[in-house]
Amino acid sequence: MSYYSRLSKSFEGALRLPLTDRSKYVLISDCHRGTGSSNDNFMKNQNLYFAALQHYYKTGYTYIELGDGDELWENRSMEQIMEAHGNVFCLLSRFHEQGRLYMLYGNHDMIKKNARYINKNCSACRCSFEDHPYQEEPPGFSQITFHSGIILENHLSPARTNPMGAVAGSPMDLYLTHGHQSDLFNSTFWRVSRFLVRYLWKPLEHFGVLDPTSAAKNYTRKDKTERRLHHWAEQEKHILITGHTHRPTLSAEDRYYFNSGSCVHPRCITCLEIQRKYILLVKWTLAARPDMTLFVSREVLAGPVWLA
């Protein structure tokens with residue numbers, strides 16, 4: 001099966017969510033939550049992520065995770081990941097409880113497409129009041145479904161113009177997936193890749209050796225992957241939003257392919273915000289005020305781009 005067919009198959013029978021003037025979505029990808037060890041690339045940005053998550057929870061956003069939320073190639077135990085990041089999972093469970101949580105699976109957490117695995121390993125979140133600002137027992141994730149793709153149906157707005165004066169035309173739907181489908185070893189042969197990462201590249205990472213099969217760490221593979229994703233979107237006349245390559249992308253000139261980036265950048269996390277049919281690329285990072293106090297800063301990197 002070609003990469004084009006794999007991408008198309010990801011949206012067969014996909015969950016469809018409404019995209020209207022009242023919709024508020026935040027799209028986050030590639031958290032790679034680990035077990036808190038030295039190999040846990042999420043640890044350095046955990047506080048940034050949790051601060052951003054609290055903001056989106058309090059302001060009424062629906063959270064959509066575009067895959068690779070948990071690092072299940074390097075790690076075997078989902079329970080250990082949930083214990084290491086209990087505050088995160090407690091807050092995600094609140095989104096779930098309110099019907100504001102949707103999850104996709106990527107290549108590094110492909111196993112979560114198995115409902116039996118989810119019911120066995122993600123049924124409860126253990127946290128204390130200190131971990132989370134809500135005292136009630138969180139509901140867990142036993143009833144959640146992990147999707148290969150989600151479609152945001154762009155409902156036609158009442159006649160209005162964008163800031164440049166153009167009248168809204170026929171809106172394009174937004175197709176959300178992880179993006180690993182563009183690579184044979186990260187999709188069809190993901191078990192082989194998982195074996196190599198777990199038993200070869202993970203130990204070598206301690207010595208600074210990067211995984212050459214990773215689209216996020218190999219720029220040649222990254223460019224090839226993004227060309228394929230863009231080609232599919234352009235041919236299908238859809239807006240395609242992915243993660244996988246960890247390279248955040250949003251441009252008013254390129255209306256077919258956007259990327260949310262990742263939560264494992266060296267000093268920040270990136271995500272895409274959708275509100276009132278505008279999409280923004282946002283960075284959350286640690287900044288300093290003139291008096292030398294530190295705070296979590298939200299910075300717009302690109303946009304807004306109007307989704308008509």
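As a basis for the values below, the full set of heavy atoms in this structure was taken, side chains included, without hydrogen atoms, waters or symmetry mates. As the structure is a prediction and not an experimental result, all values here were calculated from the model.
Panel note: side chain Thr249, backbone Phe258; no donor-acceptor pair is recorded below 3.5 Å. Although no hydrogens or angles enter the test, the distance criterion places a donor-acceptor pair under 3.5 Å between the side chain of Asn259 and the main chain of Gly243. Side-chain atoms of Asp68 come within 3.5 Å of backbone atoms of Asn107 as a donor-acceptor pair (strictly under, hydrogens ignored). Put simply, the side chain of Ser8 never gets that close to the backbone of Ser5: no donor and acceptor are under 3.5 Å apart. Checking side-chain atoms of Arg100 against main-chain N and O of Tyr57 turns up a donor-acceptor pair under 3.5 Å. Proximity of a side-chain donor or acceptor of Asp40 to a complementary backbone N or O of Gly34 within less than 3.5 Å is detected. For the pair Lys224 (side chain) and Asp183 (backbone), a donor-acceptor distance under 3.5 Å is absent. Under the 3.5 Å distance criterion, the side-chain polar atoms of Thr270 are matched with a main-chain donor or acceptor of Ser260. Remark: side-chain polar atoms of Arg276 are not paired, donor with acceptor, to backbone N or O of Arg22 under 3.5 angstrom.
Counting all heavy atoms, side chain and backbone alike, Met103 lies closest to Ile144 at CG-CD1, 3.6 Å. The shortest non-hydrogen separation linking Cys268 to Asn45 is O-ND2, 3.1 Å. Nearest heavy atom pair, residue Gln46 against residue Ala84, reads NE2-O, 3.8 Å. Considering every non-hydrogen atom in both His246 and Pro248, the closest pair reads O-CD, 3.3 Å. The heavy-atom pair separating Ala14 from Gly149 by the smallest distance is CB-O, 3.5 Å.
For Glu71, the salt bridge (Lys or Arg N to Asp or Glu O under 4.0 Å) test picks out no residue, with sequence neighbours left out. Remark: Glu236 pairs with no residue by the salt bridge (Lys or Arg N to Asp or Glu O under 4.0 Å) rule, at least two apart or across chains. Residues meeting the ring-ring contact (aromatic ring centres under 6.0 Å, His included) test with Phe42, sequence neighbours left out: Tyr49, His85. Listed by chain and residue number, Ser10, Tyr105 satisfy the side chain to side chain contact (heavy atoms under 4.5 Å, CB included) test with Ser148 (two or more places apart in sequence, or in another chain). Evaluation of the ring-ring contact (aromatic ring centres under 6.0 Å, His included) rule for His178 yields His180, His244 as partners, not counting sequence neighbours. Under the side chain to side chain contact (heavy atoms under 4.5 Å, CB included) criterion, Thr35 pairs with Ser37, Asn75, Gln80, Ile81, not counting sequence neighbours. Looking at residues two or more places apart in sequence or on another chain, you find a ring-ring contact (aromatic ring centres under 6.0 Å, His included) between His55 and Trp284. Every residue two or more places apart in sequence or in another chain that forms a side chain to side chain contact (heavy atoms under 4.5 Å, CB included) with Pro18 is listed here: Thr20, Tyr25, His155. Looking at residues two or more places apart in sequence or on another chain, you find a salt bridge (Lys or Arg N to Asp or Glu O under 4.0 Å) between Asp70 and Arg33, Lys112.
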Worked verdict on Glu97 versus Ser93 for side-chain hydrogen bond (donor to acceptor under 3.5 Å, both in side chains): CA-CA 6 Å; Glu97 186 179 40; Ser93 71; over 6 Å; no

Please walk me through it: do Cys31 and Glu65 pass side chain to side chain contact (heavy atoms under 4.5 Å, CB included)? CA-CA 9 Å; Cys31 298; Glu65 194 164 88; 3.8 Å; yes

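Summarising the geometry, atom CD1 belonging to Ile241 is positioned 7.5 Å from atom CG belonging to Leu66; distances are rounded to the nearest 0.5 Å. Taking NZ of Lys277 as the reference point, atom CH2 of Trp306 lies at 8.5 Å (rounded to 0.5 Å). One distance of note links CG of Asp30 with SG of Cys263; it measures 8.0 Å at 0.5 Å rounding. Atom-to-atom distance recorded for Leu92:CG and Arg94:CZ is 11.5 Å, nearest 0.5 angstrom. Atom-to-atom distance recorded for Leu176:CG and Ile150:CD1 is 6.0 Å, nearest 0.5 angstrom. To the nearest 0.5 Å, atom OG of residue Ser182 and atom NE2 of residue His231 are 13.0 Å apart.
A cation-pi arrangement is absent between Lys113 and Phe146 under the rule of less than 6.0 angstrom and at most 45 degrees off the ring axis.
Centroid-to-centroid, the aromatic rings of His108 and His32 come within less than 6.0 Å.
Contact of the Asn39 side chain with the Asn41 side chain is not registered, since no non-hydrogen atoms from C-beta on lie closer than 4.5 Å. With contacts defined as side-chain heavy-atom distances shorter than 4.5 Å, the pair Ile274/Lys24 does not qualify. By the 4.5 Å heavy-atom criterion applied to side chains, Leu91 and Gln54 are counted as neighbours. Inter-residue side-chain proximity for Leu272 and Val282 is flagged as unmet; no heavy-atom pair is nearer than 4.5 Å. With contacts defined as side-chain heavy-atom distances shorter than 4.5 Å, the pair Ile269/Thr285 does not qualify. Two residues are said to be in side-chain contact when any heavy atoms from C-beta on lie closer than 4.5 Å; Val26 and Ile64 fail this criterion. Contact of the Leu152 side chain with the Asp173 side chain is not registered, since no non-hydrogen atoms from C-beta on lie closer than 4.5 Å. Looking at heavy atoms from C-beta onward, Tyr278 lies out of side-chain contact with Val305 at the 4.5 angstrom threshold.
Other residues sharing a hydrophobic cluster with Leu7 under the 4.5 Å side-chain heavy-atom criterion for ILVMFWY residues are Tyr3, Tyr4, Phe11, Ile151, Tyr175, Leu229, Trp232, Leu240, Tyr257.
Ring orientation note: the planes of Tyr63 and Phe95 are tilted relative to one another, at an angle of 30° to 60°.
At most 12 non-hydrogen atoms from other residues, nucleotides or ligands lie less than 6.0 angstrom from NZ of Lys9.
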Hey, can you pull the donor-acceptor pairs under 3.5 Å for the side chains in residues 296-303, sequence neighbours left out?
{"unit_1": "Arg298", "atom_1": "NE", "unit_2": "Glu273", "atom_2": "OE2", "d": "3.0"}
{"unit_1": "Arg298", "atom_1": "NH2", "unit_2": "Glu273", "atom_2": "OE1", "d": "2.8"}

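The salt bridge (Lys or Arg N to Asp or Glu O under 4.0 Å) pairs that include a residue from residues 244-267 are Asp223-Arg247, Glu226-Arg247, where partners are two or more places apart or lie in different chains.
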